[in-house]
Number of protein chains: 2
Amino acid sequence: MPGKREQNREQNRQALIKAVLDSVSEKGISETSVSEIIQRAGLSRGMIHLHFGGKDNLLAAAARSSSEEYYDGLEALLQSGGDSPQERVEMIVRGDLSEPVLNRRNVSIWYAFRGEARNRSAIAEYSDTRDDRLRNMILNAFTRIVREAGREDPVLSARDATHGTIALMEGMWTDYLLHPDRFDRDEALRIVFRFLAALFPAHFSLAGAVPPKN
Amino acid sequence: MPGKREQNREQNRQALIKAVLDSVSEKGISETSVSEIIQRAGLSRGMIHLHFGGKDNLLAAAARSSSEEYYDGLEALLQSGGDSPQERVEMIVRGDLSEPVLNRRNVSIWYAFRGEARNRSAIAEYSDTRDDRLRNMILNAFTRIVREAGREDPVLSARDATHGTIALMEGMWTDYLLHPDRFDRDEALRIVFRFLAALFPAHFSLAGAVPPKN
DNA sequence: TAGAAAAATGGACAATCGTCCATCTAAAGG
DNA sequence: CCTTTAGATGGACGATTGTCCATTTTTCTA
């Protein structure tokens with residue numbers, strides 16, 4: 001077991017990362033200064049240089065942390081889910097649009113980092129990993145769905161279905177970013193599933209995806 | 001006609017805005033300083049304060065300018081297009097994903113501003129306008145399409161179709177942002193139209209949207 | 001063309017930025 | 001308990017930030 005030294009060390013590292021994510025979500029990247037970070041973390045000025053070697057590295061670590069949190073949650077969800085490919089797709093979509101994942105804080109953080117990713121290679125790197133993991137999960141499911149559909153000429157290749165589904169979810173995130181107030185989670189879910197139902201009518205039923213209207 | 005005074009004045013204002021957009025696309029918002037801007041514009045330091053009253057206002061003006069350019073292009077495209085609603089949707093989609101609109105520079109700028117929009121109200125404002133204009137254009141078209149479909153129980157309401165289509169396009173932009181190298185414009189178009197064809201088979205044919213495969 | 005007005009200049013300014021290190025504190029090992 | 005060593009502190013530092021204005025230059029008007 002780790003001694004108190006190591007324990008404190010890790011605790012402070014995490015406190016710095018959390019402080020960055022809090023600040024980025026509330027004030028944006030441009031206002032996330034060293035002073036802001038250490039004030040939120042309640043630590044001393046030198047800690048950033050000590051633990052991360054500089055502010056940029058800390059930002060990159062925070063971006064990675066946020067990304068990993070997202071994926072760990074999604075994969076945990078998949079563990080508990082059914083085995084059929086349509087169930088897996090459904091769980092991913094539901095998970096991706098669920099409140100613990102898609103919320104103001106996460107959306108703010110995600111888009112703030114993306115906006116700067118182009119120019120901060122350290123941040124940009126994690127982005128690909130994230131993307132590939134999600135893409136593979138969905139691609140595996142759609143590959144089975146397309147195969148089961150068993151037509152000679154499928155409406156859509158598994159690759160295209162994956163690409164489109166991810167784009168659809170990404171677009172919903174953007175919608176949330178731009179209109180957090182009027183965003184309707186059920187509506188977003190309904191739309192994604194209607195699109196999927198139109199593409200694969202045998203696999204995605206509308207009834208399962210849409211709450212009764214009354 | 002405007003005198004040389006007014007002419008120079010407007011010319012310098014535009015030079016500043018262009019300098020901001022260039023810098024944002026190349027270096028990101030965080031590196032777009034006053035020094036960087038005036039150096040690119042080849043103007044003196046005081047110009048920003050003189051013409052815009054401060055850096056923040058200039059950034060907001062640049063964001064608005066970029067947004068207006070996007071919409072003007074899209075609406076010009078619509079003027080020249082056919083009258084049928086499916087043609088209008090098709091033109092919007094094609095326009096939104098065309099090289100003059102969806103390119104590295106614009107994507108960089110767009111996402112950079114979005115990442116900071118949450119915390120800069122001046123920038124956030126233009127975002128709603130932009131969105132509403134596009135949404136209404138598409139909604140009008142889908143309303144006619146749904147009506148023409150003439151079923152009692154349409155697969156999708158015009159509102160949902162609009163929401164989904166916009167999300168799909170937004171998602172393609174995100175895809176371009178994250179993978180500018182491997183992004184395939186034709187593939188993106190194909191996917192959007194296959195989704196639309198699945199939803200409204202009578203209105204969107206695959207043949208029209210997909211270049212021959214060989 | 002002389003005077004008035006507007007536009008443009010570029011440096012001064014305080015404030016803030018991120019980095020780094022001399023110093024102090026506290027846990028670990030003998 | 002004493003020594004060692006890693007961790008933590010907070011201020012000093014030069015660089016850079018955005019703002020603002022006294023001054024100069026250019027255009028317009030009378």
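What you see is a predicted model, and the numbers here were worked out from it, not measured in a lab. Proteins get letters first, then strands, A, B, ... in listed order; numbering begins at 1 in each.
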B:Met47 side chain: which of D:dA8, D:dA12, C:dT9 is closest? C:dT9

Between CZ of B:Arg45 and C1' of D:dC20 the distance, given in whole Å, is 11 Å

Under 3.5 Å, is there a donor on one side chain and an acceptor on the other for B:Glu75 and B:Gln79? no

Round to the nearest Å and state the distance from A:Leu43 atom CG to C:dT25 atom P. 17 Å

Between B:Arg9 and A:Glu6, which has a closest nucleotide on DNA chain C that is more 5'? B:Arg9

Classify the side-chain pair B:Trp173/B:Asp96 by whether it contains a donor and acceptor separated by less than 3.5 Å. yes

Can you measure B:Glu31 atom CD to D:dA15 atom C1' for me and round it to whole angstrom units? 14 Å

Under-4.0 Å side-chain N/O to phosphate OP1/OP2 contact, A:His49 with C:dT19: no

Can you measure B:Ile38 atom CD1 to C:dG11 atom C1' for me and round it to whole angstrom units? 12 Å

When rounded to whole Å, the CG to P distance for the pair B:Asn8 and D:dT25 reads 17 Å

Rounded interatomic separation in angstrom, taking CD1 from B:Ile48 and P from C:dG11: 16 Å

Crowding at NZ, A:Lys55 (>12 non-hydrogen neighbours, <6.0 Å): yes

C:dA5 base to B:Arg5 side chain: any donor-acceptor pair below 3.5 Å? yes

OP1 or OP2 of D:dA8 less than 4.0 angstrom from a side-chain nitrogen or oxygen of A:Asn12, does that happen here? yes

When the ring planes of B:Tyr70 and B:Trp110 are compared, do they come out parallel, tilted or perpendicular, using 30° and 60° as the limits? tilted

Tell me yes or no: between the side chains of A:His163 and B:Asp175, is some donor less than 3.5 Å from an acceptor? yes

Counting only side-chain nitrogens and oxygens, does A:Ser35 get under 4.0 Å of the OP1 or OP2 atom of C:dT16? no

Rounding to an integer number of Å, can you tell me how far A:Lys55 NZ sits from D:dT17 P? 13 Å

Rounding to an integer number of Å, can you tell me how far B:Leu50 CG sits from D:dC20 P? 13 Å

Looking only at the side chain of A:Ser44 (C-beta and beyond, no hydrogens), which of the listed nucleotides D:dT17, C:dC17, D:dG10 gets closest? D:dG10

